[in-house]
J.: 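Here it is, the structure in full.
Everything numeric here is computed off the predicted structure, so don't read it as measured data. Throughout, protein chains are lettered first and strands after them, A, B, ... in sequence-line order, and every chain is numbered starting at 1.
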Amino acid sequence: MAENTTPASNFILDMVKEDVRNLKYGGHVETRFPPEPNGYLHIGHAKAICLDFGIAREFGGVCHLRMDDTNPAKEDQEYVDAIKEDIHWLGYDWGDHFYYASDFFEQMYECAVELIRRGKAYVCSLTPEEWEEYRGNLYVAGKESPGRSLSIEENLDLFERMKRGEFGDGEKVLRARIDMASPNIHMRDPVIYRIRRVEHFRQGDRWCIYPMYDFAHPLEDALEKVTHSFCTLEFEIHRPLYDWVLQALEWQDPPEQTEFARLSLTYTVMSKRKLLQLVKEKHVNDWDDPRMPTICGLRRRGYTPESLRRFSEMVGITKFNAVTDMALLEYCVREDLNKNASRYLAVLDPVKVVIENYPEGKIEYLDAVNNPELPEAGSREVPFGRELYIDRADFMEEPPKGYFRLAPEREVRLRYGYFIKCTGVVKDADGQVTELRCTYDPETRGGSAPDGRKVKGTIHWVAAATAKCGEARLYDRLFTVPAPGTGDEDFLTQLNPDSLKKVPVMMEPALAALPAGTRVQFERVGYFVMDPDATAECPVFNRTVALKDSWARQQK
RNA sequence: AACCCCGUGGUGUAACGGUAGCACAAGUGGUUUUGGUCCAUUCAGUUCAGGUUCGAAUCCUGGCGGGGUUGCCA
């Protein structure tokens with residue numbers, strides 16, 4: 001269970017606090033997270049999960065997990081399992097309050113019958129096309145369906161026959177009898193049951209009529225004895241109907257729905273349709289591609305549950321349609337990983353360095369601290385030898401002003417190692433640097449000079465003789481613009497072509513031996529996580545997020 | 001055009017009707033065996049116009065701006 005985080009102040013917290021103080025619902029708080037199992041959870045869901053589970057915990061209640069499976073055409077067990085896994089991974093648990101909306105179909109049916117008995121629902125035989133006309137529109141009131149004048153007995157009979165399967169799909173619907181002139185179109189006799197002969201992934205063909213969300217949801221909440229029902233802003237206009245259903249059935253202590261703004265993030269997309277399109281058209285590898293904003297994608301990218309919870313807390317809960325900067329999410333994972341990730345030496349785009357005055361064949365072991373922020377993480381030994389690799393970016397033949405790293409005749413420190421000075425550059429026919437000749441100062445073992453002289457730069461390195469070669473996947477933002485596809489359909493044209501670069505990486509031995517999922521920092525490069533696909537022969541690391549680099553920023 | 005919701009630094013978010021604060025981003029300086037971290041510091045805000053009030057980001061009216069709603073999806 002996610003520990004201790006007291007939710008940041010927000011209007012929902014205040015409201016619930018007030019309800020508890022007034023002993024509404026006897027002072028109990030029961031919430032629910034009700035995903036439809038038709039896709040994978042994303043970071044936007046994480047925000048809702050943190051709210052739903054967080055509020056329940058704050059007030060000593062339970063948050064239910066409910067699969068809102070009222071539309072058999074779209075749902076599947078695969079998604080149920082993935083959703084459960086992601087919520088647990090985030091650090092939340094629903095105890096024994098796991099439900100399927102479809103387990104309530106019988107009660108919902110009874111409620112619909114009761115509505116008919118009370119004259120508050122009727123069977124409508126209008127076709128969808130006809131209804132378009134009857135419904136009116138935003139500016140024009142609707143007119144009454146002929147079904148409205150049926151007797152209660154006729155409606156009871158028709159609905160019973162709908163259930164028995166006497167009518168074809170779409171031939172009839174059950175409507176709530178509310179107000180055809182309401183300015184809120186959802187109150188113009190909304191459909192509450194439709195006929196749909198599709199096999200339900202759990203109910204099979206037991207039912208051919210299925211309740212609509214607007215009817216089912218308040219009943220699900222009420223039947224589970226939920227007190228506070230949080231959802232996103234687009235359901236705001238449905239709330240009168242939510243309340244109407246429970247009031248029409250004279251439900252005691254009905255739950256109350258409260259809406260908050262869904263999460264929007266820069267440089268990515270959150271809509272299920274667009275995410276699905278990215279997967280289907282192979283712009284990404286799958287739902288768990290590390291570039292995806294899905295929870296499984298972020299997990300694979302190396303994001304921690306803690307960082308996602310912290311992010312949810314920082315974005316807050318409001319009714320304002322905000323767009324949160326991706327930089328905040330990146331900050332949250334850096335904040336966590338900086339404290340907890342061990343540091344290792346790894347070299348991307350390696351260039352060989354030969355230390356001319358170091359004995360051939362000699363290997364010595366140097367002490368390296370695993371995490372300067374966390375002394376209890378201990379230390380390890382790093383092998384050092386005459387031939388090393390350093391990152392190509394750590395050498396410049398003609399260094400510009402302000403460049404602190406290796407250059408001809410310049411001395412730098414090898415982290416945990418020695419001071420070395422570059423004495424020669426070897427190039428191939430194209431002028432590409434293939435090897436650097438250096439000398440080292442034996443007096444500077446461990447990285448400090450007895451004579452007190454300083455160097456400006458410290459670079460990372462690995463010994464060639466013991467280096468393990470693997471692959472580093474450098475993931476970047478999925479889109480090049482803060483708000484992809486605002487013009488809509490064109491969002492794919494704004495995909496970042498550099499969102500994934502695979503480069504060979506030379507690693508110190510201890511790094512290659514880490515178990516999958518371990519999060520580390522490659523010094524001076526970024527935070528990485530070992531990919532689940534990694535093998536002993538080829539360790540694969542995904543870059544979670546780059547280190548801040550003031551030098552790179554300066555250059556721009 | 002109808003109804004509903006929402007407007008606080010570049011971004012996100014706080015503030016019983018009583019000193020507009022925090023974080024991210026950006027800039028500067030310092031510490032540092034990671035150009036990381038850390039520390040210090042700067043920049044920058046209540047959409048507008050009226051009204052109520054001793055006092056308004058907060059309450060009222062209107063304007064402006066943004067979002068939502070016309071599925072037998074959720």
J.: Between B/rA15, B/rA74, B/rU11, which nucleotide gets closest to the side-chain atoms of A/Asp325?
T.: B/rU11

J.: Is the ring pair A/Phe33/A/His45 parallel, tilted or perpendicular, if the boundaries are 30 and 60 degrees?
T.: perpendicular

J.: A cation-pi test, strictly: NZ or CZ of A/Arg343 under 6.0 Å from the centre of the six-membered ring of A/Phe522 and no more than 45 degrees from its axis. Yes or no?
T.: no

J.: If you go through the side-chain atoms of A/Glu373, does one of them form a donor-acceptor pair with the base of B/rG36 closer than 3.5 Å?
T.: yes

J.: Does B/rU34 have a Watson-Crick or wobble mate here (both distances under 3.5 Å), and if so which one?
T.: none

J.: Check if the side chain of A/Arg405 and the base of B/rG35 share a donor-acceptor pair of N or O atoms closer than 3.5 Å.
T.: yes

J.: Could you check which of B/rC5, B/rG12, B/rG35 has an atom nearest any side-chain atom of A/Thr324?
T.: B/rG12

J.: Phosphate oxygens OP1/OP2 of B/rG35: is one of them under 4.0 Å from a side-chain N or O of A/Arg524?
T.: yes

J.: Taking OP1 and OP2 of B/rC24, is either one under 4.0 Å from a side-chain nitrogen or oxygen of A/Tyr331?
T.: yes

J.: Is there a side-chain polar atom (N or O) of A/Ser9 under 4.0 Å from OP1 or OP2 of B/rA14?
T.: no

J.: Strictly below 4.0 Å: does A/Ser550 bring a side-chain N or O up to OP1 or OP2 of B/rG36?
T.: yes

J.: Any side-chain N or O of A/Arg553 below 4.0 angstrom from OP1/OP2 of B/rA25?
T.: no

J.: Checking base pairs now: Watson-Crick or wobble, both atom distances under 3.5 Å. What partners B/rU46?
T.: none

J.: Tell me whether the side-chain N/O atoms of A/Lys272 come closer than 4.0 Å to OP1 or OP2 in B/rC73.
T.: no

J.: Report yes if at least one side-chain N or O of A/Thr70 is closer than 4.0 Å to OP1 or OP2 of B/rA74; otherwise report no.
T.: yes

J.: B/rA2 pairs with which nucleotide, Watson-Crick or G-U wobble, both distances below 3.5 Å?
T.: B/rU69

J.: Has the side chain of A/Gln521 got a donor or acceptor that lies under 3.5 Å from a partner of the other kind on the base of B/rU34?
T.: yes

J.: Please confirm whether the shortest side-chain N or O distance from A/Arg188 to OP1 or OP2 of B/rC3 is below 4.0 Å.
T.: no

J.: Atom CZ of A/Phe311 and atom P of B/rA23: how far apart are they, to the nearest Å?
T.: 17 Å

J.: Report the nucleotide, chosen from B/rU13, B/rC5, B/rC24, that has the shortest atom-to-atom distance to any side-chain atom of A/Glu236.
T.: B/rC5

J.: Reckon A/Arg194 has a side-chain N or O less than 4.0 Å from the OP1 or OP2 of B/rG71?
T.: no

J.: Does A/Arg196 make a cation-pi contact with A/Tyr210 (under 6.0 Å, within 45 degrees of the axis)?
T.: no

J.: Could you tell me whether B/rG71 is syn or anti, where syn means a glycosidic angle within 90 degrees of zero?
T.: syn

J.: Which of the following nucleotides, B/rA2, B/rG35, B/rA23, is nearest to the side chain of A/Leu328?
T.: B/rA23

J.: Counting only side-chain nitrogens and oxygens, does A/Arg310 get under 4.0 Å of the OP1 or OP2 atom of B/rA23?
T.: no

J.: Both conditions, 6.0 Å and 45 degrees, for the charged tip of A/Lys421 above the ring of A/Tyr440: are they met here?
T.: no

J.: Could you tell me how far apart A/Ile209 (CD1) and B/rC72 (C1') are, to the nearest whole angstrom?
T.: 13 Å

J.: Under 4.0 Å between a Lys/Arg side-chain N and an Asp/Glu carboxylate O for A/Asp189 and A/Arg175?
T.: no

J.: Between A/Tyr79 and A/Tyr40, is the ring centre distance below 6.0 Å?
T.: yes

